[in-house]
Structures are given as C-alpha cells and as structure tokens.
Asks: 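Got a structure for you, questions after.
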Amino acid sequence: MTMPMDQNHQQHQEAWSRGTQVVANYNFEGSSPDDLPFKKGDVLTIVQPTKDPNWYKGKNESGKEGMVPATYVQKRKEVHLQAMPWYHGKISREEAEALLNDFREEGDFLVRDSVHFQGDYTLSIYFEGMVDHYRIIAKHNKLEVDGGDCLFDNLIQLVEHYQNDADGLCTKLIRALPKKGDSFGAVRIQDFEAGGWVIQKKDLQEIELIGRGEFGDVYKGLYKNQFVAVKQLKDQDRAAQAFLKEASVMTSLRHPNLVQLIGVVLGDTIRLVTEFMGKGNLVEYLRSRGRSVIQKKDQIDFATDTCAAMEYLESKKLVHRDLAARNILINENNTAKVSDFGLAKYGDYSTEGGKFPIKWTAPEALKNNNFSNKSDMWSYGILLWELYSFGRVPYPRIPLADVVMHVEKGYRMEAPEGCPKQIYSLMLRAWNLNPAERPTFKEALQELQNLRSTTV
Ligand code: ADP
Ligand code: MG
C-alpha cells in the first residue's frame, strides 16, 4: 500500500464514517492485492476508516472490498435548493411598483415572472424615485438581461452578478425586497458538480425509448456496465429548474425501495440518470399480468416495499405528493420502488396552485393545499386499492368532477375482489377525513410486515 503522489490531489481532511458514499475523481489501479481498483466516476461506499487518514477500506458497486486512497475520491454531497427571497413569482408590474415604492431605497430590487413573455422574468429596481423594469430573457437554458452581454445559468447567478456590478443597469442591486411567506428555491447547476453527481455524456450509451414522462422521454441506457434509465429534458427553457429540483431532492435520499439517482448529465440537454427498473411501472405491470400471474404474495410484497419507502420519507419529513401506482416501478427481482419526486417537498408547503391528480389526493390537500405525510397516506390507500384491483382506475363509476363531493359526504370505494380484510381496513383508515386519525407509515409498515409473514 503506497500513497499515490500527484500534485493535483487535494489534502484529505474530514474523516468519513462507515456507509459514506464517495465518488472517484481519478482512475486508481492499485499496487497491491489489498487495493481496490476503480475508475473515475465510480461510486464507492466506505466500509471503515484505517489508522492512516489517507486510506479507507471501501466497497465498490459489485460488493468487492479493498483499500481506497482518500485523495482519489470525494464525498458525495447532497444538493440543496438555494433560497431566492427576492423572487416573487407571478405578480404584476403594478404590484411590483407598489412594493418597491413602499421601500424607497436606491437599489432595492425584486424579480418576478414576466407578464407578457411566458418563461421570461422581469427585474424591477427602485432608482431615483422611480421603478425601472428590465426584461430577463430565457433561452437555450440560459438567462440574460435584455441588452446585457452576460449569460447566466439561473436567477441566483444573475442576481449575484448585478449585486457586484451595475454592468449597464441603472444601479447595482443593493437590497433585496423579500417575498412574504414561503419563498422559492432554485438549484445551482455547479452544486451538482461540487457534490460529485455529474456524469459525462460520453460514458452514457442510450439503448431504447422506454417511456414518456411529463418533462421528457425516458430511455434505457448503459452506464459503467449497468443498465440505467435516462430521463431527458425536452423543453430546456421552461422545465430545467423543476427537473433539477427533482434531482436535488433525490441527492439526499437513499433507500432500497426508492429509485436511486445515479447522476445528472449537464450541458445542452439535461439528463437525469437513475437505476433501471426492468419491469416498468406498477399500473402497467398489474394490468398486463393480471390475476393469473400476480399472487397474493406479490401484492403484499409490493405494498410493503412501497410502505417502507414512504416510512423513510416520513422520517425525513419529506412529502411525496404524487404517490400512485403509476409512480411505483418494479425491477427484475420484483422489488417495488417509489419514484417521481417531481412534486416532492420538505417541510410545510403552501399554495402553488398546481395541478394535482384528483383521485389520489386527500381532500384537505386539494382544497387548502394542505399536503403532509398524512395526505401521502390517503394516496397510499388509493394505491393499495389499485394494487388489489389489478390496476383499475380508482372510483370507476364516478366522474372526476364529482369525486371530492362524494368523498366528503362519506362515500368510499368498496374492497376489491379478493382483497384481504386487513388491507381494506388499512385503506379505510387512510381515507379518514381527519388527517390526524390516519395511520402513520410507520404503523402501516408494522401491520403489513405482520401480514406478509403470514401470507403464502
Ligand atoms: P413523469 O413523472 O415525469 O411523467 P416518470 O418518471 O413517471 O415521468 O417516467 C415515465 C415512464 O417511464 C414511467 O411510467 C416508466 O414506465 C418509465 N420509467 C421511468 N423511470 C424508469 C426507470 N428508472 N426504469 C424503468 N422505467 C422507467
Ligand atoms: Mg410519473
């Protein structure tokens, strides 16, 4: 075991504990049989530190263990949203002026959505007793102030730039006028690089189209000898932030029943690379196999897998908000995993006036935007109904517009044919109008595990 010498390698400082994920910055061939060879971009898991702070015992993705030189790898970091307190979303020019005229200090500013150019923004600045408005144009995944000559990846970069230098504006940006209440967040692309999540396009081979998502097409691909799913963003300008937010949520999650993020490809087309789930989504799986193939045991397994992932999200106070059988994926080993964190949020969330899947969403979430782990539990109840009815659409005979009304009057779906009574009891408790009376995922998981142990 000899310490690799290279001027470029940074000094290793913090200690890594067991289970830490690291990503290789360089190839390492190893010089002794104890060493674990790896390639740039490989993800390794720390097994244990050694007496020498520059060496760790590590494990690669196929489970092989060996010595890893710390200076060849970096810890994988979570990517978090950066706050944008000055971003006010959809407010009018008049509202912006009223807000800034209340403030009245040179260089006070805010950013809002453009009223006339969908997808663009407006920078409003108070200067010499007036409010000036600058159009921010979004194109090819970049932003620029109309007439300026700098391109930015996102609003945060843009604002930072004009805080340092007026660069053609009436004044440099001095004081942000904060949005009241919930503020928006944004993802900085460079945080994915710093966190070790970036995959080079040349290392990724696309094989075939396997699905179509809201943001773009999903391909089966090959990355480092493993099959992966590649979600490719189609409308770069509009959806990049939403897409990157989904990826940033995924950087903080690791659970055997959550579809794992492998990395992101940056550049002209943003791609999100996740583990490949060979049997596709649960609804299609249920519908195509049906009662003849899918056994009681499979159903309770899928229900438990999903519940285990949800219990993990509940423990992290993360709310999924789009839990449904179509967002559960099945792999070749028949393990079910929760995917699709496009709407997921931490903490308290409020109005964004989004479109929600009505038949899956709890009444208080639909009406008051009151999403919580308890509203996820309501959706989980619907998911159980889908699972035991082999992929039927919920509330089969009720028009979409009437569902909420019926539910509030007390209507509940009947048990699907052959559904175990314990499962139907769980559904009914998940559909309690009072969120506090619904079970937690932790409680539900306990019940399901008990039921699973007696299901053959
Ligand atoms: P969106 O939620 O943006 O509409 P999804 O992530 O649900 O998109 O993907 C759309 C479809 O692509 C899924 O229903 C599934 O059939 C397929 N798909 C998505 N991710 C994977 C994956 N990791 N492995 C296999 N198939 C996938
Ligand atoms: Mg989906």
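Ligands are counted one by one from 1 in listed order, and the atoms in each one are counted from 1 as well. Start at 1 with the first residue, then count along the sequence.
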Asks: Would you say Gln422 and Ser425 are linked by a side-chain donor-acceptor pair, where the criterion is simply a distance under 3.5 Å?
Replies: no
Asks: Atoms of ligand 1 less than 4.0 Å from Ile210 heavy atoms?
Replies: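 What qualifies from ligand 1 is 25 (C), 26 (N).
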Asks: Within 45 degrees of the axis of the six-membered ring of Trp431 and under 6.0 Å from its centre: does Arg438 put its NZ or CZ there?
Replies: no
Asks: Looking only at distance, does Met277 have an N or O less than 3.5 Å from an N or O of ligand 1?
Replies: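 Checking ligand 1 against Met277, an N or O pair does fall under 3.5 Å apart.
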Asks: Enumerate the side chain to side chain donor-acceptor pair (under 3.5 Å) contacts for residues 402-412, please, sequence neighbours excluded, ordered by first and then second residue.
Replies: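 Applying side chain to side chain donor-acceptor pair (under 3.5 Å) to every pair that reaches into residues 402-412, excluding sequence neighbours, yields Lys367-Glu408.
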Asks: Any nitrogen or oxygen of Lys231, main chain or side chain, under 3.5 Å from a nitrogen or oxygen of ligand 1?
Replies: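 Yes, at least one N or O pair falls under 3.5 Å.
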Asks: Which bit of Arg212 is near ligand 1, meaning a heavy atom under 4.0 Å away: side chain, backbone, both or neither?
Replies: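 Under 4.0 Å from ligand 1, Arg212 contributes backbone atoms alone.
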Asks: Under the 3.5 angstrom rule, does the side chain of His320 hit a backbone N or O of Asp340 as a donor-acceptor pair?
Replies: yes
Asks: Under 4.0 Å from a heavy atom of Ala229: which atoms of ligand 1 are those, numbered in the order shown and with their elements?
Replies: 21 (C), 22 (C), 23 (N), 24 (N)
Asks: Decide whether an N or O pair under 3.5 Å exists between Glu284 and ligand 1.
Replies: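 N/O-N/O distance under 3.5 Å: no.
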Asks: Quick one, Arg212 and Val218 - any side-chain contact, counting heavy atoms below 4.5 Å?
Replies: no
Asks: Go through the side-chain N and O atoms of Glu386 and Trp360 and say whether any donor and acceptor fall under 3.5 Å apart.
Replies: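 Indeed, the side chains of Glu386 and Trp360 share at least one donor-acceptor pair under 3.5 Å.
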Asks: So do the side chains of Glu65 and Lys57 get within less than 4.5 Å of each other, counting heavy atoms only?
Replies: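 Yes - at least one pair of side-chain heavy atoms lies under 4.5 Å apart.
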Asks: Output the list of atoms in ligand 1 that are nearer than 4.0 Å to some heavy atom of Thr274, sorted by atom number.
Replies: 23 (N)
Asks: Applying ring-ring contact (aromatic ring centres under 6.0 Å, His included), which residue pairs with at least one partner in residues 269-289 are found, sequence neighbours left out?
Replies: Tyr285-Phe302
Asks: Just which atoms of ligand 1 are under 4.0 Å from any heavy atom in Gly211?
Replies: 12 (O)
Asks: By number and element, which atoms of ligand 1 are closer than 4.0 Å to a non-hydrogen atom of Asn281?
Replies: 14 (O), 16 (O)
Asks: Short list, please: which atoms of ligand 1 are under 4.0 Å from a heavy atom of Asn327?
Replies: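 Counting from 1, the qualifying ligand atoms are 7 (O).
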Asks: Quick check on Glu275 - does any of its heavy atoms sit under 4.0 Å from an atom of ligand 1?
Replies: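 Judged by the 4.0 Å heavy-atom criterion, Glu275 does count as contacting ligand 1.
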Asks: Just going by heavy-atom distances, which of Leu329, Val230, Val218, Asp340 is nearest to atom 7 (O) of ligand 1?
Replies: Asp340
